[in-house]
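Here the structure comes first, spelled out in structure tokens, and everything after it is commentary.
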Amino acid sequence: MSETTTRADAPPPGAALLTHRQILTILSGLLLGLFLAALDQMIVATAMKTIADELHGQTLQAWATTAYLITATVSTPLYGKLSDIYGRKPMYLTAITLFLAGSLLSGIANSMYELAAFRAVQGLGAGGLMSLAMAILADITSPRERSRYTGYFMAVFGISSVAGPVVGGLFAGMESFLGTAGWRWVFLINVPIALVALVVVGKVLNIPHQRVNHRIDFVGAGLLTTGLVPLLIVAEQGRGWGWASGTSIAMYVIGVLGLIGFVLTEKRMGDEALLPLRLFKRQTFALGNVVNFLLGVGMFGGMVSLPLYLQIVKGYSATESGLMMLPLTLGIMLAAGTSGNITAKTGRYKVFPVIGFGLMTAALFVFSTVGTDTSIYQPLALMFFLGAGLGLCMQTLLVAIQNDAEPRDMGVATSSATFFRQIGGTVGTAVFLSILFSTVGDKIGNALRTAAGTPDFQAALARPENREFAAGLQGGGTAFDLDNTEFLTKLDPVLARPFLDGFSSSIDLVFLVGGLVTAIGFAVIWFLREVPLSNRSGLERVQDENAEGAKPAPVAMH
């Protein structure tokens, strides 16, 4: 890493450091890294059932997801702090390398326990791919112009959301590909993409970084891990353990003690803290991250429920349901692009998350009225408006937080936005799945009792091919495993109807609760103070500060 000082021909204060073409060149590397994380999530989600079957660990598959989620969440603020100290490029290369290693190891896993461990390595890389990409974008663009460039990020998410389920379903359905079991390519496909990303990022991501010698808050990172890991585990496993079981209570206690220790440590560390508490004194940072948390909760209320509705109630395959999520992606991209251009021209942004939360709330409330017989065109149209609401909120909240942060805090401010939204998503996923599966049994039971007295249902039960199903009903329907709903695709439609109605009713309840959460977000967002957007990029603001002070400190090119 070479050290260079400010030259006589360096741009004067107030001059732009990078041209539009240079920014796009740097973006090419960032988008490859982002594509890795986004595509992986979509592919794995589609193929996980097949993977668990192949590794004889269907009941253990949640651990593979949880391990990835825990390491990605906990490492996010650490990447932000380390990149503020050592520079964005080395940390971004580290994130890609860890993700590559985790993908390669996951592709050769021979048990669900091994896969969970290797997915944890993947998560360590994924924690930096998203947050660092946004932090680097903040370095090279001004808040006012940034919204235009985030459209490229939204396009990557859009491509991933469409390609992921198709590719995941394709590999999961293959016996073998290039001499290797098809499901293993769900992970191995990341390897060539990651190698290309390493080469491109290594070549194009050369931006100035002013090194600041700080202590690394390892104690804070350890306590944050101690606090979050038990809570995330119980969020994923609590439904099976029992929310008031001894194991769950132990997790609550350990998690709370860890978080209390983390807050006390951050207070003691001051500016050296992993997440400096002084940042929460800034209204935009504090309120923006509260709203980010609510956005994550509400967003996953829709994201978790929609595929279940399409696959279980409507009977579409995983690949088909993935493609049918295209209106959601289209809404995100159009809303993000439109709001970005308007923000760049006017410098105003608060109106967009206000409208966005309003759209999300309305869409989720209307979603709570869909039923088994609802025309498929209604949920497709609602997906567009839900996506539009997300597109208006996600990038705008990030830009608001970045705009209010000092240049020295850009990495940690950016990672905090990702961190709180990810925590919200984790909580939302756990809560909404808990609501769904804790109510669906009773709703199916009620629907079966109602249907049992109808002539059509009795006639269907009397058919020879349905005798096994009729025997299962003797226990009130409790003999049916709702963790595997494939039996519904082979069941007589008349007999399957109470199950579909029960799932539809529980999914409606999830949508309703999600709408209530976003309604709280809609109320809170009005209190967000709109700070005028700066026309200076992060690098330019550092340059301005150096020009106003003493002789600039040496900078390194990363």
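Remember, it's a predicted structure, so these values are computed and weren't measured experimentally.
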>> Please check: side-chain N/O of K89 versus main-chain N/O of G202, any donor-acceptor pairing under 3.5 Å?
In response: yes
>> Has E266 got a side-chain atom pairing as donor or acceptor with A273's backbone, closer than 3.5 angstrom?
In response: no
>> So, taking the atom named CE in M251 and the one named CG in L231, what distance separates them when rounded to the nearest 0.5 Å?
In response: 9.5 Å
> So do the side chains of L100 and I193 get within less than 4.5 Å of each other, counting heavy atoms only?
Replying inline: no
> Are the side chain of K350 and the backbone of L528 linked by a donor-acceptor contact shorter than 3.5 Å?
Replying inline: yes
> Is Q283 reaching over with its side chain to a backbone N or O of R529, donor-acceptor style, under 3.5 angstrom?
Replying inline: yes
> Could you state the interatomic distance from OG1 (T329) to CE (M333), rounded to the nearest 0.5 Å?
Replying inline: 8.0 Å
>> Would V291 and F357 count as a side chain to side chain contact (heavy atoms under 4.5 Å, CB included) here? Give the steps.
In response: CA-CA 10 Å; V291 175; F357 268 100; 3.3 Å; yes
>> For the OH atom of Y309 and the CE atom of M324, what is their distance to the nearest 0.5 Å?
In response: 9.5 Å
> Hey, which of L27, T414, I26 is the one that makes side chain to side chain contact (heavy atoms under 4.5 Å, CB included) with L137?
Replying inline: L27
>> Please report the interatomic distance CG(L24) to CG(L31), rounded to the nearest 0.5 Å.
In response: 9.5 Å
> Going through the distances and angles, do L386 and L359 end up as a side chain to side chain contact (heavy atoms under 4.5 Å, CB included)?
Replying inline: CA-CA 6 Å; L386 180 63; L359 282 175; over 6 Å; no
>> Within the structure provided, determine whether F420 and L295 are in side-chain contact (heavy-atom separation under 4.5 Å).
In response: no
> With sequence neighbours left out, what residues match Y252 under ring-ring contact (aromatic ring centres under 6.0 Å, His included)?
Replying inline: none
> Can you tell if the side chain of I435 reaches within under 4.5 Å of the side chain of F432, non-hydrogen atoms only?
Replying inline: yes
> With a 4.5 Å heavy-atom cut-off, do N292 and F419 have their side chains touching?
Replying inline: no
>> So I260 and V256, do their side chains get closer than 4.5 Å, heavy atoms only?
In response: yes
> Closest approach of L129 and A95, non-hydrogen atoms and distance?
Replying inline: CD2-CB, 4.0 Å
> Could you go step by step and tell me if S339 and Q395 meet the side chain to side chain contact (heavy atoms under 4.5 Å, CB included) rule?
Replying inline: CA-CA 9 Å; S339 62; Q395 68 170 3; 3.2 Å; yes
> L512 and S368: which non-hydrogen atoms are nearest, and at how many Å?
Replying inline: N-CB, 3.8 Å
> Say you draw a straight line from OG of S131 to CG of L78; how long is it, rounded to the nearest 0.5 Å?
Replying inline: 10.0 Å
> Which pair of heavy atoms, one from G298 and one from L364, lies closest together, and at what distance?
Replying inline: O-CD1, 4.1 Å
> Any donor-acceptor pair under 3.5 Å linking the side chain of T343 with the backbone of G340?
Replying inline: no
> Take atom CZ in R348; do more than 12 heavy atoms of anything else shown fall under 6.0 Å from it?
Replying inline: no
>> I want to check something: taking the side chain as every heavy atom from C-beta on, are T284 and N403 in contact at a cut-off of under 4.5 Å?
In response: no
> If you look at every heavy atom in G29 and V201, which pair is closest and at what distance?
Replying inline: O-CG2, 3.5 Å
> Of all residues at least two apart in sequence or in a different chain, which pass the ring-ring contact (aromatic ring centres under 6.0 Å, His included) check with Y92?
Replying inline: none
> Please, which pairs that meet salt bridge (charged side-chain N to carboxylate O under 4.0 Å, His left out) have at least one residue in residues 414-429, sequence neighbours excluded?
Replying inline: none
> Where is the tightest heavy-atom contact between G288 and I401, given as atom of each residue plus distance?
Replying inline: C-CD1, 4.0 Å
> Is a donor on one side and an acceptor on the other found under 3.5 Å between the side chain of N289 and the backbone of F285?
Replying inline: yes
> Tell me, do T338 and I342 make a side-chain contact under 4.5 Å, heavy atoms counted?
Replying inline: yes
> Will you find, in the side chains of T361 and T518, an N or O donor that is under 3.5 Å from an N or O acceptor?
Replying inline: yes
> In Å and rounded to the nearest 0.5 Å, what is the CG to CD1 distance from L390 to I332?
Replying inline: 5.0 Å
> Within the distance-only criterion (no hydrogens, no angle test), does the side chain of T71 pair as donor or acceptor with the backbone N or O of A120 below 3.5 angstrom?
Replying inline: yes
> Of all heavy-atom pairs between G125 and Y79, which one has the smallest distance, and what is that distance?
Replying inline: CA-OH, 3.8 Å
> Is a side-chain donor or acceptor of Q122 paired with a backbone partner of L98 at a separation under 3.5 angstrom?
Replying inline: no
> Hey, mind stepping through N190 and F99 against side chain to side chain contact (heavy atoms under 4.5 Å, CB included) and telling me if it holds?
Replying inline: CA-CA 8 Å; N190 292 327; F99 194 87; 3.8 Å; yes
> Do F384 and L330 touch side chain to side chain, with heavy atoms closer than 4.5 Å?
Replying inline: yes
> Between F511 and F367, what is the ring plane arrangement, given parallel below 30°, perpendicular above 60°, and tilted in between?
Replying inline: parallel
